[in-house]
Peer 1: 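Submitted below is the structure of interest, expressed as structure tokens.
The analysis underlying the following values was restricted to heavy atoms, covering all of them including side chains, and did not include hydrogens, waters or symmetry mates. Just so we're on the same page: letters track the sequence lines, and every chain starts at 1.
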2 protein chains.
Amino acid sequence: MEKLPATHDVSPAIQDYLKCCYQLADPTGQGVAMVQVAEALRVTAPSVTNMVKRLEDLRLLRRTPHGRLILTVRGEGIALEVIRHHRLLETFLVDTLGMGWGEAHKEAEILEHYISEHLEQLIDSHLANPRRDPHGEPIPRRDGLLPHRTSATLLEAPCNTPLRIVQLRSQDPTMLRYLEETRLHPGARITLREIAPFNGALAVRIGRETRHISRDVAACIFVLQTTGK
Amino acid sequence: MEKLPATHDVSPAIQDYLKCCYQLADPTGQGVAMVQVAEALRVTAPSVTNMVKRLEDLRLLRRTPHGRLILTVRGEGIALEVIRHHRLLETFLVDTLGMGWGEAHKEAEILEHYISEHLEQLIDSHLANPRRDPHGEPIPRRDGLLPHRTSATLLEAPCNTPLRIVQLRSQDPTMLRYLEETRLHPGARITLREIAPFNGALAVRIGRETRHISRDVAACIFVLQTTGK
DNA sequence: CTTGTAAATTAGTCTAGACTAATTTAGTAT
DNA sequence: ATACTAAATTAGTCTAGACTAATTTACAAG
């Protein structure tokens, strides 16, 4: 009797690890380092090693030759379901009960592990099958389909919204080098302040400095909206 | 540093034990036997012994000289808060989301341990501070005050409502013996079907049989309404 | 190539909370 | 009083999931 664990067959702890791996995996698909998981979940490295072993046995994740973590289809399915729970709950708490964003996030972080499939569906229909949570993050559908998160260049990004750089796309190595040096590398969290008119520069806030970059440079920088998470 | 545990400082398991003790304690205040708790929570006797020790250390319950369990004020406070969570959740799931009673009960049985104080309050106000859950059970208030549940004799009880026998009160031991023999003992769940006129008998359903008892006998049987729990 | 550091692993400990099996306590019936 | 039974306890085991301390692997820099 093989057992194919679904979301409710795995513990909250396992759900957290899977969700974490999913969310740390950037779109380039390189897999996640264990130390990242440890930091994100605020546990120690041995705890991660230990759990990863179990997750491999459960066929919920695999490891690259370099030891990085990649979810299996099944693991990703569970991660998506947990995220679906989270975002539905957040939306519900904010929209229906008027809870504040910060609190709704914390509450959802817990409840996401405990609501039944049926409650999930009831919340979903009560909200008329929302596509996005209050932060604008897409809500995975029940079948695991994720409404496409539009990764776009900085030029198309909205102002004053938290962004994360997901990719630098350019033929020109000096351009990439330049971006690296100015700390505009994948993973960096930035905010677009404004785009000056007449083909002017973009004001980009990174950390507590504001930097100005040309439109040509901005066209290489692909970003995602990343409020909240 | 003494620690006075509140609901969210104790584990779900502890919450379950406290709630269970509270609900098994009949109004006569005799305390609960450990074997009852074991059955109700579907755990073994040693598990109960073990947990009871911990609860005593936490000053959440005491034991009578006969070894029966009695919640302390603090323990009862936690039990009441868990029950408040349960009944608010049930009400919310049924009234706001249209969930069925049975399912709402199961869902609440889990979520009662995980909602925050703040969410509890939001649900409470969303429902306009309801006094009773869908089963008619009173919802404890935040300060722990429980709208009084009226224990009365069978003669005063409503028909066709699930009841639980909480006490047999009589001077006559043969009467008590008689009741025991007919399985009308404290804890038994019964329903009153009808009271025949002209000082006639009461039709009482117990299990799947219907039994007829005189008014004199009925006057000894104290019952509570106990839909659901 | 060696060396220094970051990442990962191993080995062992701890806690909560369940379990079984065996034993003891207590209360009832003869 | 004795014996039977029900309730409780003791002792020991198990699992999940964390931890520390010590060690090993792996990779980048001189």
Peer 1: Rounded to whole angstrom units, what separation is found between the CE atom of B:M51 and the P atom of C:dC19?
Peer 2: 11 Å

Peer 1: How about CZ on B:R63, more than 12 heavy atoms from neighbouring residues, nucleotides or ligands closer than 6.0 Å, or not?
Peer 2: yes

Peer 1: Give the intermediate values and the outcome of side-chain contact (heavy atoms from CB on, under 4.5 Å) for residues A:W101 and A:L93.
Peer 2: CA-CA 9 Å; A:W101 287 24; A:L93 293 171; over 6 Å; no

Peer 1: May I ask you to decide whether B:E112 forms a salt bridge with B:K19, counting only side-chain N to carboxylate O separations under 4.0 Å?
Peer 2: yes

Peer 1: Grab the CG-P distance between B:D57 and C:dA16 for me, whole Å please.
Peer 2: 11 Å

Peer 1: Measure from the side-chain N and O atoms of B:E76 to the backbone N and O of B:V73, and report whether any donor-acceptor pair falls under 3.5 Å.
Peer 2: no

Peer 1: Taking NZ, NE, NH1 and NH2 as the nitrogens, is one of them in B:R183 or B:E209 under 4.0 Å from a carboxylate oxygen of the other?
Peer 2: yes

Peer 1: For a quick test of reading the model: is some side-chain N or O of A:T44 closer than 4.0 Å to OP1 or OP2 of D:dC19?
Peer 2: yes

Peer 1: Counting only N and O atoms by type, is there a donor-acceptor contact under 3.5 Å from the side chain of A:Q15 to the main-chain atoms of A:A79?
Peer 2: no

Peer 1: Does a side-chain N or O from B:S47 land closer than 4.0 Å to OP1 or OP2 of C:dC19, or not?
Peer 2: yes

Peer 1: Looking at A:R142 and A:E120, does any basic side-chain N land under 4.0 Å from a carboxylate oxygen?
Peer 2: yes

Peer 1: Which whole-number value in Å describes the distance from B:L41 CG to C:dA16 P?
Peer 2: 18 Å

Peer 1: Strictly under 3.5 Å: I want the nitrogen or oxygen pairs between protein and nucleotides 8-11 of chain C, one per line.
Peer 2:
{"from": "C:dA8", "atom 1": "OP1", "to": "A:M34", "atom 2": "N", "distance (Å)": "3.4"}
{"from": "C:dA8", "atom 1": "OP2", "to": "A:M34", "atom 2": "N", "distance (Å)": "3.4"}
{"from": "C:dA8", "atom 1": "OP2", "to": "A:V35", "atom 2": "N", "distance (Å)": "2.8"}
{"from": "C:dT9", "atom 1": "OP1", "to": "A:R63", "atom 2": "NH1", "distance (Å)": "2.9"}
{"from": "C:dT9", "atom 1": "OP1", "to": "A:R63", "atom 2": "NH2", "distance (Å)": "3.3"}
{"from": "C:dT9", "atom 1": "OP2", "to": "A:T49", "atom 2": "OG1", "distance (Å)": "3.2"}

Peer 1: Tell me the stems DNA chain C sits in, counting at least three consecutive Watson-Crick or G-U wobble pairs, each under 3.5 Å on both distances.
Peer 2: C:1-30 with D:1-30

Peer 1: Within less than 4.0 Å of OP1 or OP2 of C:dA18, is there a side-chain N or O belonging to B:Y17?
Peer 2: yes

Peer 1: Using ring centroids (six-membered ring only for Trp), state whether A:H113 and A:H85 fall under 6.0 Å.
Peer 2: no

Peer 1: Distance check needed: C:dT15 P versus B:L58 CG, whole Å only.
Peer 2: 14 Å

